[in-house]
Amino acid sequence: MSSKLIENLELPCGATLKNRLGKSAMSENMGSPLFVANPSFATLYSRWAAGGAGLLLTGNVMVDSRALGEAKNVVIEKNKVDPQLKSWAEAGKKNGTHIWVQLNHPGKQSPKFLSKEPVAPSAIPLKKPLDRLFATPRALSEEEILEIIERFSYAAKVCQESGFTGVQIHGAHGYLVSQFLSPTHNQRNDQWGGSLENRMRFVTKVYQAIRKEVGHAFPVGIKLNSADFQKGGFTKEDSMAVVKKLSELGMDLIEISGGTYESPAMMGAKVKASTQAREAYFLDYCEEVRKLVSTPLMLTGGFRSLQGMEEALATGACDLVGLGRSIAIQPNFPNELLAGRPVTSLVKPLTTGWKFLDNIFPLEIIWYTNQLHLMGQGKNPDTKRSTLKAVFSFLFAMGKNGFKKVR
Ligand SMILES: Cc1cc2nc3c(=O)[nH]c(=O)nc-3n(C[C@H](O)[C@H](O)[C@H](O)COP(=O)(O)O)c2cc1C
C-alpha cells in the first residue's frame with residue numbers, strides 16, 4: 001500500500017513515530033482517590049497500543065492537586081508517589097508505540113465543586129451560563145506563576161523517569177496556558193500580559209523549563225488552538241506567531257485544535273459547514289501554518305475517513321492525523337486504516353432525546369468517557385450504549401466521589 005499513513009515520522013529530537021496516526025488526549029477521569037493511576041489505565045492503553053497508532057497521548061494529567069479539571073484526574077506533583085505510572089507507560093509502549101503524557105493546569109476551568117476559588121492570569125469569570133458552574137478566579141501572583149512553571153517541569157521529569165516516551169503541554173481548549181495566551185482572559189499589565197510577546201511568556205517558560213529537565217533527545221510537544229473562536233480572544237494570527245516562536249525554540253510536535261469551554265470548536269461546534277465538508281475542522285489553518293514552519297504538525301478534530309486522512313497528509317498540511325472519539329469506540333481503527341480497509345468512523349451526533357439535558361451536560365464527553373471506562377475494565381466499547389444511561393452513571397459517579405470541595 002502506498003499510503004503516507006504507514007510512513008515513519010522523525011521528530012526534531014531524533015525520536016521516530018512508526019506511522020502517521022496519533023490518538024489525541026482524552027481525559028480518562030478514572031484515577032483513584034489521592035489522584036493516582038490504577039491498573040485500569042494499563043488495561044486501556046494496552047488495548048490502544050495493540051490498535052496500531054504510532055502515538056498515544058494520555059488524557060490530561062494535572063500538575064497540582066488543588067487545581068483539577070475533573071474529580072478523578074491523575075496528578076503528578078512533589079511528595080507524591082504513583083506506583084502505577086510505570087505499568088501505564090509499559091502498556092502504552094507495546095508494539096513500538098510512543099506514549100506521551102499530556103500535562104495540564106485547568107486555571108479557571110476547574111468546576112465550583114472542585115475549586116471554590118480557582119486561579120487564572122486575571123480575575124475574569126467565564127461568561128454566562130458557565131459562570132454558574134465555574135467560580136470567579138483569583139489572579140495569580142508572579143511567585144505562583146513561577147511555581148506552576150516548575151510544577152510542569154517536575155511532572156515532565158517524573159513522566160520521563162516512569163518510562164513514558166514524551167510529554168505534551170496542553171496549551172489549548174481554554175485551560176491555563178490558553179488563558180495566558182488570550183487577550184480576553186489575560187488582562188495583566190506585568191510581563192505576563194498585554195502584548196502577544198508577554199502573553200506567550202508563560203508557555204515559552206513552561207516549554208523551556210521542561211526541556212531543561214528532560215534534555216534534548218526526549219520528545220516535547222504542545223496542543224495549541226488555531227484560535228479561540230471568541231470575539232476579542234486568541235486569534236489565528238496570534239496562534240501562528242506562537243507556533244513560529246515554539247518551533248524556533250525546538251518544539252518536537254505541534255498539535256492543532258481550537259476552541260474553549262465557552263466555544264467548543266474542538267468537538268465540531270460552531271465550525272462552518274464549508275469547514276466540516278473538508279472533514280478536519282482546522283485543516284485550512286494547518287495549510288497556512290505549514291508555510292511558516294517545518295516543525296511536525298498533528299491535526300486533530302473531525303477526521304473520519306481514510307480518504308480524508310490521506311488527503312490531509314498528501315497535501316503536506318499536517319504530518320500526523322489526530323483521532324479522538326473514533327478511537328474511543330473503535331480501538332482497532334488505526335490498524336484497519338493502515339491496512340487500507342475502507343473503514344469509516346462510527347462517530348455520530350449524540351442526543352439524550354431531551355433538549356434540556358443535552359444543553360446541561362457535556363454529553364459527548366460523558367458518553368465517550370464511559371467508553372474509556374468500559375475498555376479500562378477489559379470490556380469492549382458499546383456503541384449502542386444509551387446516552388441517558390451514560391448521564392445517570394456520570395451523576396452517580398459524581399455523587400460518590402465528585403461533590404466534595406477540594407479547596
Ligand atoms: C471524552 C473526551 C475527553 C477529552 N479530553 C481531552 C483532554 O484531556 N485533553 C485534550 O487536549 N483534549 C481532550 N479531548 C478532545 C480530543 O482530544 C479531540 O481534540 C476532540 O475529540 C476532537 O477530535 P475527534 O473529532 O477525532 O473526536 C477530549 C475529547 C473527548 C471526547
Side-chain angles (χ1 to χ4, degrees), residues 9 11 15-32 35-63 69-70 72-76 81-104 155-156 158-170 218-221 223 253 255 298 300 320-338 365 367-382:
L9 178 65
L11 303 174
T16 302
L17 305 180
K18 65 178 181 179
N19 61 47
R20 304 306 184 95
L21 291 172
K23 175 216 153 269
S24 65
M26 281 181 286
S27 188
E28 303 84 10
N29 200 12
M30 64 183 192
S32 296
F35 319 117
V36 291
N38 55 51
S40 46
F41 284 82
T43 307
L44 174 60
Y45 280 80
S46 285
R47 182 81 185 255
W48 275 328
L55 172 63
L56 303 177
L57 287 154
T58 70
N60 60 178
V61 164
M62 298 298 168
V63 298
E70 294 124 308
K72 293 191 188 173
N73 283 145
V74 170
V75 179
I76 299 178
V81 182
D82 189 337
Q84 299 290 336
L85 289 179
K86 286 200 169 103
S87 55
W88 182 3
E90 269 321 302
K93 280 193 293 194
K94 283 183 191 153
N95 302 319
T97 314
H98 264 260
I99 174 165
W100 299 5
V101 176
Q102 186 186 60
L103 296 174
N104 193 19
V158 171
C159 294
Q160 187 182 36
E161 287 167 358
S162 305
F164 290 96
T165 58
V167 290
Q168 183 191 56
I169 301 163
H170 197 344
F218 190 72
V220 181
K223 187 164 183 174
L253 181 69
E255 182 184 359
M298 170 167 165
T300 299
L320 206 64
V321 165
L323 298 170
R325 285 163 286 182
S326 310
I327 250 176
I329 48 177
Q330 294 157 274
N332 207 35
F333 196 40
N335 278 334
E336 293 177 294
L337 292 163
L338 293 164
I365 299 292
W367 192 82
Y368 285 98
T369 305
N370 246 247
Q371 305 291 342
L372 308 192
H373 292 180
L374 287 173
M375 283 193 279
Q377 292 157 19
K379 299 178 186 160
N380 285 324
D382 175 8

Discussion item. Under the rule for side chain to side chain contact (heavy atoms under 4.5 Å, CB included), what residues qualify as partners of E336, not counting sequence neighbours?
Written reply: N332, R341, V343
Practice prompt. Output all residues satisfying ring-ring contact (aromatic ring centres under 6.0 Å, His included) with W88, sequence neighbours left out; order by chain, then residue number.
Written response: F41, Y45, F164
Worksheet item: So which heavy atom on A42 is nearest to which on A91, and how close?
Response: O-CB, 3.3 Å
Discussion item. Using every non-hydrogen atom in the two residues, find where P219 and L11 come nearest and quote the distance to one decimal.
Written reply: CB-CD1, 4.2 Å
Worksheet item: Donor-acceptor pair, H373 side chain versus E28 backbone, under 3.5 Å?
Response: yes
Item to complete: Look at the side chain of N60 and the backbone N and O of S27, then say whether any donor-acceptor pair between them is shorter than 3.5 Å.
Response: no
Worksheet item: How about N104 and N73: do any of their side-chain heavy atoms sit closer than 4.5 Å?
Response: no
Worksheet, complete the sentence: Separation between NZ (K223) and CG (L103), nearest 0.5 Å, reads 13.5 Å
Worksheet entry | Side-chain donor/acceptor of N38 to backbone N/O of M30, under 3.5 Å | yes
Worksheet item: Considering only heavy atoms from C-beta outward, does the side chain of S87 approach that of P39 to under 4.5 Å?
Response: no
Fill in: Pairs meeting criterion salt bridge (charged side-chain N to carboxylate O under 4.0 Å, His left out) with involvement of residues 84-98, two or more places apart
E90-K93
Discussion item. Donor-acceptor check, side chain of N335 to backbone of A50, threshold 3.5 angstrom: yes or no?
Written reply: yes
Discussion item. The criterion is side chain to side chain contact (heavy atoms under 4.5 Å, CB included); which residues satisfy it with D382, sequence neighbours excluded?
Written reply: Q371, L374, K384, R385
Fill in: Pair T58-V74, side-chain contact (heavy atoms from CB on, under 4.5 Å): steps then yes or no
CA-CA 11 Å; T58 70; V74 170; over 6 Å; no
Worksheet item: Is there a side-chain contact between S162 and I76 (heavy atoms, below 4.5 Å)?
Response: no
Discussion item. Measuring from atom CG of L55 to atom CG of L9, what distance do you get when rounded to the nearest 0.5 angstrom?
Written reply: 9.5 Å
Worksheet entry | Listed once per pair and sorted, the salt bridge (charged side-chain N to carboxylate O under 4.0 Å, His left out) pairs that draw on residues 320-333, sequence neighbours left out | R325-E364
Practice prompt. Decide yes or no on side-chain contact (heavy atoms from CB on, under 4.5 Å) for V61 and H170, but give the supporting numbers first.
Written response: CA-CA 9 Å; V61 164; H170 197 344; over 6 Å; no
Fill in: Donor-acceptor contact below 3.5 Å, side chain K18 vs main chain N95
yes
Discussion item. List the residues meeting side chain to side chain contact (heavy atoms under 4.5 Å, CB included) with P334, not counting sequence neighbours, and say none if there are none.
Written reply: L21, A53, I327
Item to complete: Examine distances only and state if a side-chain atom of D82 and a backbone atom of A37 form a donor-acceptor pair shorter than 3.5 Å.
Response: yes
Practice prompt. Would you name the heavy atoms of G324 and S24 that are closest together and state the gap between them?
Written response: CA-OG, 3.3 Å
Fill in: Closest approach of L253 to W100 (non-hydrogen atoms, all atoms of both residues)
CD2-CZ3, 3.8 Å
Worksheet entry | T165 (side chain) donor-acceptor with I99 (main chain) under 3.5 angstrom | yes
Worksheet entry | L372 side chain reached by Y368 side chain, heavy atoms, under 4.5 Å | no
Worksheet item: OG1 of T43 to CE of M375: how many Å apart, nearest 0.5 Å?
Response: 11.5 Å
Practice prompt. Would you check if the side chain of Q102 reaches a backbone N or O of L57 as a donor-acceptor pair within less than 3.5 Å?
Written response: no
